[in-house]
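Step one of this worksheet: look at the structure below.
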Amino acid sequence: MKTEKLYYGAAYYDEYMPHDRLLKDMEMMKKAGLNLIRIAESTWSTWEPEDGVFDFTHLHRMLKASQEAGISVIVGTPTYAIPAWLVRKYPDILALTHNGQELYGRRQNMDITHPGYLKHAERIIRRLMEEVKPYPHIIGFQIDNETKPYDACGPRVQAMFVEYLKKQYPDINDFNDEYGLNYWSNRVQNWDDMPDVRGTINGSLAAEFAHFQRGLVTGFFRWQADIINEYRRPDQFLTHNFDYSWRGYSFGFQPDANQYDAAEALDVAGADIYHLSEERLTGAEISFGGDVARSLKKGNYFVLETEAQGNHGWLAYPGQLRLQAFSHLASGANCVEYWHWHSIHNSLESYWKGILSHNLKENATYRECMTIGADFARLSDTLKNLKKENKIAMMMSNRSNTAFRQFPAGEISDHNEIVRWLYDACYHLNLEMDMINDAETDLSQYRLIILPSLYALSKEKIERLNAYVKNGGCLIASFRTAFADTQLKIYADDQPFGMTECFGMTYDQFTLPGKTSLTGNAVAFPEKPRLSEWMELLIPKEGTEVIAGYDNPFWKDYAAVTCHKYGAGMAAYIGCYFDGGSLERLLAVLLERFGIALPEERFPLIRKTGINDDGEQITYFFNYSGEAIRYEIPADSTELISGEAFPAGETKTLEPWGFHILKW
């Protein structure tokens, strides 16, 4: 979604403060250049302390103060953390999961399908929307918070799942055949006999239930959007703060919601992107999260949460906070918002620090925010609404993500290991990309599509990919791609199913690599690649180039990586898993075969480009290292931070953790 300016802000919670300092906070925000706050999403029990008893004192305090300060507001619906009285009223509102019954205390512990939950959630949303109607500076609304199904597996959810299956399989025999339920006598001859899905040993059925659970999130979004749409003004947007798989920071594609489907209810996608800092800051999580968020609505997005000081060990070096803020803009963000303004003095996130530390005074982080806020305001017209026109895409798949949970590749049970393996190698090569849904029908806009071990692909999607290559596209797939259908039923045919002609190879055996490495003359590996977890013994067809083979004397007749011309396009297949540095070398060779030019720059020098509203090219150069880096200016340009003219061909220096923004 395009905006009239760049937004820079923080989540703000007046109700968490140890004492009244609201006007002081507004004054400090203005001084720092913050022009946006997000409020209200976390405090249902504040707005409704007892059943049917409402108190919006803090809400109106925040709205009145921010209006007077000229700070815009996003209001969140407070439905992701339920009050204790609601649990007392409906004890079964707490989700029954694979791990048993939830207990009250943490957030996101409820069953979002519970009728009592929906009834009271609708009431608080409507009351909230009535309260905020008079305020013109509210620019949008956030649905819930990092929504997922929370693994709700109670009797009602399972009954809903059975009804869902009935619609797909009117003949129960088709259901049994599709999921292979003859195995271990799991056949169900009557829908009333459907057992608790939590006990199933059938990976296909378990994966279908996970798919159904993701659909609950999509439906929940539509339900909330319909309510809010009754109240909001035409100029107010609807968003959500999508999160990512979590590894102590934002790591990969979210497995528990179909974010592409859920985003259909929104005007603008939002993202919560958290990452490592100091020497461990690479920018990869900022880039990955931004590419996913931008691709959900195929346009500019909001970073609704990222760190200022953040978790323990995330304190940014001087200059890194600026580097991070502009890195978000370089991927297409129109908003950077911190979680949160102030550090909390009690409860779970007491050490997840905000812009201000616990003494609530100006500090080094705050002073760096002042420089960012000033730059955002000064450069807003030039940097807002950056349009990305990437010719490379990675195809994402929730079903393939679930497949790795059910059927790991060696020790790899998280599909995001493969996603980030490929993504990070491309990032290091400065290959910008979109993150498209596997339901995407228009593939022709891309020169190259990467399939990160897309285990579960329907015949229709396979045919679409074949046609894409035959018509001139380039394709790279990693091991286990096109192995099973969308129900995770393995295709009873040559692998990769339906794509042996496209890739010019097949295989029917795979194993652990052991001490095996890669060999061959096509790729100059500085060190022997370190294989692990998975290797397929590829059998190339006539006319297929073997890019790499195996140096194991017993597997030397098999290929490890192949490249094949198919119609007007080309397709490469990577049949094993190995270290990221070697993958970078391999990808560089494959792109050369495809005729796709690589940027000259390499990580830790990262280059990002786009087109602004005036049709000017904006190019960012980021130094993600503690050492100075020199690079060559690609065209006569103006450096926007300094205002200095940069002639083409001149060599410039980026200081540690520094950046330049060029316009031409």
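A cation-pi geometry, defined here as NZ or CZ lying under 6.0 Å from the six-membered ring centre and within 45° of its normal, holds between R420 and F251. For the pair R447 and F594, the cation-pi criterion (under 6.0 Å, within 45° of the ring axis) is not fulfilled.
Counted by atom type alone, K608 and S327 present zero donor-acceptor pairs between their side chains at under 3.5 Å. Under 3.5 Å, the side chains of N612 and N385 contain no donor-acceptor pair of N or O atoms. Checked by atom type, the side-chain pair Y8/Y338 shows a donor-acceptor distance below 3.5 Å. A side-chain donor from one of Y631 and H660 sits under 3.5 Å from a side-chain acceptor of the other. Side chains of Q320 and S277: a donor-acceptor N/O pair is absent below 3.5 angstrom, by distance only. Using modelled atom types, one finds a donor on one side chain and an acceptor on the other under 3.5 Å when comparing W341 with D25. The closest side-chain donor-acceptor pair between S343 and S357, if any, does not fall under 3.5 angstrom. With 3.5 Å as the limit, one finds no donor-acceptor pair spanning the side chains of Y274 and N311. A side-chain donor from one of Y13 and E41 sits under 3.5 Å from a side-chain acceptor of the other. Neither side chain, T239 nor N241, offers a donor N or O lying under 3.5 Å from an acceptor on the other. There is no side-chain donor-acceptor pair under 3.5 Å between Y244 and N416. For the residue pair N623/E655, the side-chain donor-acceptor check at 3.5 Å is not satisfied.
A heavy-atom distance below 4.5 Å is not found between the side chains of V73 and Y12. Side-chain contact between W339 and E349 is present, with heavy atoms from C-beta onward closer than 4.5 Å. Side chains of L518 and L586 form no contact here, defined as non-hydrogen atoms less than 4.5 Å apart. At a threshold of 4.5 Å between non-hydrogen side-chain atoms, the residues P136 and Q67 count as touching. Here the side chains of C335 and L36 are in contact, with some heavy-atom distance below 4.5 Å. Using a 4.5 Å heavy-atom cutoff, the side chains of T382 and I661 are not in contact. The shortest distance between side-chain heavy atoms of R585 and P526 falls below 4.5 Å. Using a 4.5 Å cut-off on side-chain heavy atoms (C-beta onward), L583 and F578 make contact.
Residue-environment remark: CD (E600) stays at or below the threshold of 12 foreign heavy atoms within 6.0 Å. Surrounding CD of Q445 are more than 12 heavy atoms belonging to other residues, nucleotides or ligands, all under 6.0 Å away. Other residues, nucleotides and ligands place no more than 12 heavy atoms under 6.0 Å from the CG atom of N521. The local environment of CZ in R378 is crowded, with over 12 non-hydrogen atoms from other residues, nucleotides or ligands closer than 6.0 Å. Heavy-atom contacts from other residues, nucleotides or ligands closer than 6.0 Å to OH of Y317 number more than 12. Atom CD of E527 has 12 or fewer neighbouring heavy atoms from other residues, nucleotides or ligands inside a 6.0 Å radius.
A donor-acceptor pair is defined here as one N or O able to donate and one able to accept, closer than 3.5 Å; such a pair exists between the side chain of H358 and the backbone of S350. For H275 (side chain) and T306 (main-chain N/O), no donor-acceptor pair under 3.5 Å exists by modelled atom type. Using a distance-only test at 3.5 Å, with no hydrogens or angles considered, no donor-acceptor pair links the side chain of N390 to the main chain of I392. For the pair N363 (side chain) and I355 (backbone), a donor-acceptor distance under 3.5 Å is present. At least one donor-acceptor pair closer than 3.5 Å links the side chain of H137 to the backbone N or O of L63. Formation of a donor-acceptor pair under 3.5 Å by the H328 side chain with backbone atoms of E337 is not found in this model. Checking side-chain atoms of K297 against main-chain N and O of L266 turns up a donor-acceptor pair under 3.5 Å. Within the 3.5 Å criterion, the main-chain N or O of T3 finds no donor-acceptor partner in the side chain of N300. A donor-acceptor pair under 3.5 Å is formed between the side chain of R21 and the backbone N or O of L360. Remark: the backbone N or O of I138 is paired with a side-chain donor or acceptor of Q236 at under 3.5 angstrom.
When all heavy atoms of A265 and L238 are compared, the closest pair comes out as O-CD2, 3.5 Å. What you find for S380 and K5 is that their closest heavy atoms are OG-CA, 3.2 Å. Closest approach of P452 to S478, counting heavy atoms only: C-OG, 3.4 Å. Smallest separation of non-hydrogen atoms from R593 and C563: CB-SG, 4.2 Å. Scanning both residues, M26 and A69, for their nearest heavy atoms gives CB-CB, 4.0 Å.
The distance from atom CG of L605 to atom CG of N430, rounded to the nearest 0.5 Å, is 6.5 Å. I547 contributes atom CD1, which lies 5.5 Å from atom CG of L590 (distance to the nearest 0.5 angstrom). Here the CD-NZ distance, from E432 to K388, works out to 3.5 Å after rounding to the nearest 0.5 Å. Annotation: the span from N334 atom CG to K384 atom NZ amounts to 8.5 Å, rounded to 0.5 Å. Atom OG1 of T147 is separated from atom CD of Q254 by 10.0 Å, given to the nearest 0.5 angstrom. Here the CD atom belonging to E368 is positioned 8.5 Å from the CD atom belonging to Q324, to the nearest 0.5 angstrom.
A salt bridge does not link R280 with E285: none of the charged nitrogens is closer than 4.0 Å to a carboxylate oxygen. A salt bridge links D267 to R232: one of the charged nitrogens lies within less than 4.0 Å of a carboxylate oxygen.
Of the options F621, Y624, Y620, F326, a ring-ring contact (aromatic ring centres under 6.0 Å, His included) to F659 is made by F326 and by none of the others. Here the rule is side chain to side chain contact (heavy atoms under 4.5 Å, CB included) with I618, and of L383, L662, T609 only L383 fits it.
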**OP:** With side chain to side chain contact (heavy atoms under 4.5 Å, CB included) as the test, would you mind laying out the steps for Y135 and K64 before giving the verdict?
**Re:** CA-CA 8 Å; Y135 297 96; K64 289 174 181 176; 3.7 Å; yes

Original post:
M394 and D291: side chain to side chain contact (heavy atoms under 4.5 Å, CB included), yes or no, with the steps?
Top reply: CA-CA 10 Å; M394 182 175 287; D291 287 346; over 6 Å; no

**OP:** Start with the C-alpha distance between K31 and E362, add both sets of side-chain angles, then the distance that settles salt bridge (charged side-chain N to carboxylate O under 4.0 Å, His left out), and finish with yes or no.
**Re:** CA-CA 11 Å; K31 181 179 176 181; E362 291 188 14; 2.7 Å; yes

**OP:** Would you please test E146 and E305 for side chain to side chain contact (heavy atoms under 4.5 Å, CB included) and show each step?
**Re:** CA-CA 11 Å; E146 297 180 347; E305 292 184 24; 4.0 Å; yes

**OP:** Tell me, with the steps shown, if V292 and F242 meet side chain to side chain contact (heavy atoms under 4.5 Å, CB included).
**Re:** CA-CA 10 Å; V292 172; F242 290 109; over 6 Å; no

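The aromatic rings of F288 and Y423 lie perpendicular to each other, with more than 60° between the two planes, well past the 30° mark.
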